[in-house]
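In what follows, a single structure is set out as structure tokens and then discussed.
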Amino acid sequence: MKPELRERALPVAAVLAAVLLLWYAGAVGLNAAGAIERVLTPKGAYTTSELIAATLNMQRPVLPSPHQVIADLWHSIVDWPLDSPRNLLYHVAVTAESTLVGFVLGTLLGIVLAAAIVHSRTLDRALLPWIVASQTVPVLAIAPIVLVILGSLGFSGVAPKATIAMYLCFFPVTVAMVQGLRSPQRIESELMHTYAASRNQAFWMLRLPSALPFLFPSLRIGVAAGLVGAMVAELPTGAQAGLGARLLTGSYYGNTVSIWSALVMSAVLGLVLTAAVAGVEKLVLRRPA
Amino acid sequence: MNAPDRLQGLPSSAAAPTIAVPAADVAVDVRRASVVYPSADAPVRALHEVDLAIGQGEFVSLIGPSGCGKTTLLRVIADLEPISAGEVLVNGMTPREARLARAYGYVFQSPALFPWRTVLANVMLPLQIQGRTKAQCEAIAREQLERVGLTGFERKYPWQLSGGMQQRVSIARALGFEPKLLMMDEPFGALDEITRDRLNEQLQQLWQRERRTVVFVTHSIAEAVYLSTRIVVMSPRPGRILKVIRSTLPDERTLGLRDTPEFMALAHEVREGLAAGHGADDEA
Amino acid sequence: MNAPDRLQGLPSSAAAPTIAVPAADVAVDVRRASVVYPSADAPVRALHEVDLAIGQGEFVSLIGPSGCGKTTLLRVIADLEPISAGEVLVNGMTPREARLARAYGYVFQSPALFPWRTVLANVMLPLQIQGRTKAQCEAIAREQLERVGLTGFERKYPWQLSGGMQQRVSIARALGFEPKLLMMDEPFGALDEITRDRLNEQLQQLWQRERRTVVFVTHSIAEAVYLSTRIVVMSPRPGRILKVIRSTLPDERTLGLRDTPEFMALAHEVREGLAAGHGADDEA
Amino acid sequence: MALALAVLAAIGLWWALPAAGGEGERSALLTPVLLVTLLLAAWSVRRVAALDGHRAYGTATAALFGLWVVYFWEVSVSLYQVPRVLLPAPSFIVQALIDRWDILAGDFVQTVLKAVLIGWALGCGLGFAVGVAIDRAPFLQRGLLPLASLTSTVPLVAVAPIAVMWFGFEWPSKAAVVVLMTFFPMLVSTLAGLQAAGRLERELMQTYAASYGRTLLDLRLPAAMPFIFGAMKVNATLALIGAIVAEFFGSPTVGLGFRISTEAAKMNMALVWGAIVVAAVTGSAAYALLVQLERRIAFWHPSVRATA
Amino acid sequence: AEKLTVQMKWVPQAQFAGYYVAQAKGYYKAEGLDVTIKPGGPDVSPVQVIAGNQADVVVNWMPDALAAREAGVPLVNIAQVFDKSGLMLTCKKASGVTSPKDFKGKTLGVWFGGNEYPFLNWMAKLGLKPDTDVKVLKQGFNVDPLLQNQAACISTMIYNEYWQVVDAGVKESDLITFFYEKEGVASLEDGLYVLEPKLKDPAFVARMAKFLKASFKGWNDAVKNPEEAAKIVVAADPSGSATLPVQTRQMKNIATLISTAGTKKIGYLEPAAYERTVKVLLTGGSSPVIKKDPGKAAMTHVVWEAAQK
Ligand SMILES: Nc1ncnc2c1ncn2[C@@H]1O[C@H](COP(=O)(O)OP(=O)(O)OP(=O)(O)O)[C@@H](O)[C@H]1O
Ligand SMILES: Nc1ncnc2c1ncn2[C@@H]1O[C@H](COP(=O)(O)OP(=O)(O)OP(=O)(O)O)[C@@H](O)[C@H]1O
Ligand SMILES: Cc1ncc(C[n+]2csc(CCO)c2C)c(N)n1
Ligand SMILES: [Mg+2]
Ligand SMILES: [Mg+2]
């Protein structure tokens, strides 16, 4: 177990180190102009190390340095109680909730749609092109309207946000599942055919198992898409709670550092969610060596 | 012109005129069936006006050069391939109805095991589909696996088996659910002679005991002669029946029979038919 | 204990002590090689301390019950499977070096054709990899396809062929690039007897002409006796060599030979060995 | 037959619409009629779907279904008097499409031809290239994959303002967002696709001592094609959404996203939906094009053969 | 208590302090109202919200409201809290802009979505053609374009974005500003709007009057005591991004836009100011926000007068 851990951790650590290095370099490069203009006075009189120090600790940097972001994260998590809107974890929880609800609904919808499409020619021909078209409708553009309409239908709380998350979530799942459910080799389908297996049996015993390798990658993409959807949906709910609202207000108040800490948090949340899906995948597709 | 009478050698009507066959006695009735595979260049005539009637309880072997349409004929009977012309009846029904009535079992030319199922679970599959209880399924599956000499491999996955072992799993799977009509496409092709002999003997005994109808594709002349009540020799391009040979061997058979002159004469006849089929090929 | 001397019957050294074999003459040298497949339940000992030396220009057949490790042994020589213990040398090199030197051709137990390539393009593949010109590749491929009787199918895709035809494409592919060492895993398993005889004859002539080293897996005793200079009988669980039979037939062979008493005696010997192998299996 | 019946009912309903009088009873009366027409429409779609023999029948089914959706949208909007600022009737949208086509054409050029096309090509190309490159380096794979998956979980609403900050207002910042969005799906699919070649096929190439490049070219890439096409298709829709949404966060005064956001604020919903229609048609067309291309290139794959 | 929902135009900040103060201090409750304040944001359209029946009354800018009227959502102004515009163009002196004449050839950041018409009107007045004489950017909701020097000037509010520029480290001496109010192209900002048909219902009018009464009280308090108002706003921000010093400063700036605070006239829409805004909107650029004069139908004093009792 140990060496395996090292085998996995080492590359991640190495790449992470490289990224941090690049990040610092980027911070110096991108912030230099602003620092020279706004921070380093009198103009022109500064040493290189002063410049670097200034770029890495600006009030309103183009790209905040990693330690600024980490410090901000740390303070937001440690300095406030968990249920305070100033604590980032509070917003993580809000976003995670709508993401998860949307993800579960989206996955179910995706699988059901795929199963229906695979089994019904009418739906395959009539629906599939429109499902594709539905995804080319920019969500953010209609999210406000969708939220208003959902609101007038009596949905409130997580439901509207989860709906948007679901809308983004179900598509990759549907596409992958349609492909997966159609992936059984001809001879395998014919075998089931000779048994006069019912559609139901063929679905559970052949189509679904052979679709699983397609399903899980799509779930990983789906959960990420759901997270994006949940955050997008947080904007037109009026900048209330959630990581999306944090990003918005951070950007609005010009607080670059808090944008980046919300960004890092959302990425971490995404990573945790995909890792959870990957864990389920390992469990389900587990085969003895 | 050269095509033999489609009822030639049918046991219950060896002497009777063709029309006299009572429908109840005919398990499979293929009438002037043709199959054409469309293709970008020239369409392939895989079967051409094939006529064949197989009685209940018969053991019919199909033999012929590679690519002559044996698999296609089996697939037509099993409702896996539509015919371009002609008519096919299975137990008096269309192949489709027969399939839905779960009238037959089919062993494919390649094993077609599900990689996510263990060996045992693969054999249990058709039984589960028929809705038997889990315990029943498992008992039958274990028994069948023992028959093909795979006890101890129940919990392995298909990819952990050798080619011949996979083929044996596939045979066990088809035998397990005791179909009235059994179709087998080169089931013993990947087996060594000893194992093959053993399974041949078992299949022969099974047929003895239960008189199921069997349609059997093989490349081994000895196997065909040993097992069959009738041997159908086919020739390719277009795929058609060249000759139907009625076995003169007694129904009760042992492996020892293979050294008898009667056996050898039959084998010789089949070989000649085959050679003729190859000749037809070369002409084309 | 029962394991035969690994050099038993090696032509150039039939009488000499084992160490005297000049390295240059040995094409394949397997020394106390074992392969264990790890498994969740009990690990499978697919090969157990196998000893085998194959001289340049020999035609060696491996025969044995299904699952006895024939494919595994071939894979070990071809550097497709690592050995758990022992040593394997191919032309004095490790299997890996030999593979990189493109020292051999391999025909798999199943056809392994690329579905996106036509039949012709599939046969051209190894030639293209060797960097021959397109025209050359195509000429050779067409010639090989003719040999296996598939002229006219060049532009079809694999899924449009019957099982036997696919297998023949795979044979044509392996023969096309004229490897010094040829490994064939049940190449003729899916073919009818006539086609099989024809290809047997061609293979025999090829070997006559060019004296390539061939390691050949088969389930047909007749085929093994007809083609081989030595026949290796294996037995399963754990996979090991039971017996090595040196052919007493002349190098020059025709199909007629098969009716000679000498041939039959050899076949009998092989069959006995096989039966013994099956006995070993039943004990386990 | 079914079609004719449904169309008849639909026309009847259409006439009844303006004719029906009083506010309240109007919808009460027409709703059952609407439902019956709905059933007839569904039936007609089924019948068309059952048709066989020609490729065009598939498209016809989809088109018919779409027409019915548009029809019921139109009817319901006027029947239930949905406010125009929430959901305009299709006829309004078509009107806007016709009247303002010059504006929308400019937006199309700005958003689709510049940002989407370039971003999509770059993102897919990069994802593919990196996938092929790190396929050989398990070390990098293990290190980069989690990181790359981060790029897909960073929501585009967060990236867009940053992209504007770094790459300016013009299309390069939108293209950058698109690159980031499309990169990860392509990377993951490429890696999965490269693993898709069967063991036997790989071993065959091994016995030929085929070089890495040869194996890649002759075996692994062809085997990966269905996966790569899958990613390209998903990316086509992602890229459109990405570019449009990115324009919400600062843009020149042209572009589909600009149009949608500014016209929405001016309550000009017909033009908003007009822009959305342009986006949807573009996306669907791109998708259909890729499907056709896939049929040509991955013709051998069972999933393609099954539907061919 | 009677339920009432009000939709803000932007995120919770001192711009809406009056409502938050009235809520926090129980003025609404005292009137027998149970008020829900919905925060807004760049993606929230108050018009859509009220059209979808998700709010009874909205805070909106007049250009947006009048455009909505033309698009079929009959909004009516019932009160105008801000009687002055806080909108301005902020430029860096380093860009070379010293007066509106220097705009030619420069890049200017503008808020779109109805807010661009005062700007277009101004450009028409200056004789500058957008996109040829000046390059127009659709500005996001922050001030980065100016800080990154992507634009010579950007739109700011006196109470908010301007200070963000300053907070970012740009010295006020390095900036030059142009007020719309002073250029004569201003339009009315934060006012309260309801749907016209509802005003037929006396009960609705009465309820709105109570709302106005309490809100005005809140506004008066907020103007008088900015520190307290800021505290209330910060506490009401669910995103946790608002800070006390920033909101205090904003409240003080907001106070300057409500010149009627503390008087009887608070919230009264001057018909002259209304007409001036309509004129600006009718003449702005090539495609004006509104094509026909709504007349007096888009405003009413009925509710305001009822609130005076
Ligand atoms: N899907 C297909 N598309 C086109 N042609 C096909 C297809 N399947 C089979 N064929 C052609 O039909 C002919 C008969 O094939 P079939 O599989 O029935 O032969 P077979 O007798 O079973 O041969 P084998 O003994 O080699 O298995 C062959 O020539 C083959 O090329
Ligand atoms: N990948 C694997 N994992 C685990 N066990 C395996 C694997 N491949 C083969 N085996 C086992 O190794 C043994 C030898 O297999 P091998 O394929 O060499 O047999 P074979 O002699 O070629 O048989 P056949 O004639 O049936 O092809 C078998 O018992 C098989 O179950
Ligand atoms: C998309 C969009 N951006 C800016 C504004 C202008 N605006 C109205 S209220 C407000 C808050 C002031 O700090 C601002 C900036 C708008 N209406 N819509
Ligand atoms: Mg066949
Ligand atoms: Mg094998």
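Numbers restart at 1 for each chain; the letters A, B, ... are given by sequence-line order, proteins then strands. Every value quoted in this text rests on a predicted model; they were computed, and no experiment measured them. Values reported hereafter were calculated over all heavy atoms of this structure, with side chains retained and with hydrogens, waters and symmetry mates removed.
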- Max heavy-atom pair count under 4.5 Å with chain E, selected residue of D:Phe248, D:Phe169, D:Phe258: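 Among the listed options, the one with the most contacts to chain E is D:Phe169.
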- Message: Minimum heavy-atom separation for D:Ser261 and E:Lys138, please, with both atom names.
- Response: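 Distance-wise, the nearest heavy atoms are OG-NZ, 3.1 Å.
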- Using non-hydrogen atoms and a 4.5 Å limit, figure out which bit of D:Glu170 sits close to chain E: side chain, backbone, both or neither.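 For D:Glu170, the contact with chain E is made by the side chain alone.
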- Apply ring-ring contact (aromatic ring centres under 6.0 Å, His included) to E:Phe204 and list each qualifying residue two or more places apart in sequence or on a separate chain.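 Testing E:Phe204 for ring-ring contact (aromatic ring centres under 6.0 Å, His included), a comparison that skips the adjacent residues, returns none.
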- Measure from the side-chain N and O atoms of E:Gln148 to the backbone N and O of D:Val164, and report whether any donor-acceptor pair falls under 3.5 Å.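 No, E:Gln148 side chain to D:Val164 backbone: no donor-acceptor pair under 3.5 Å.
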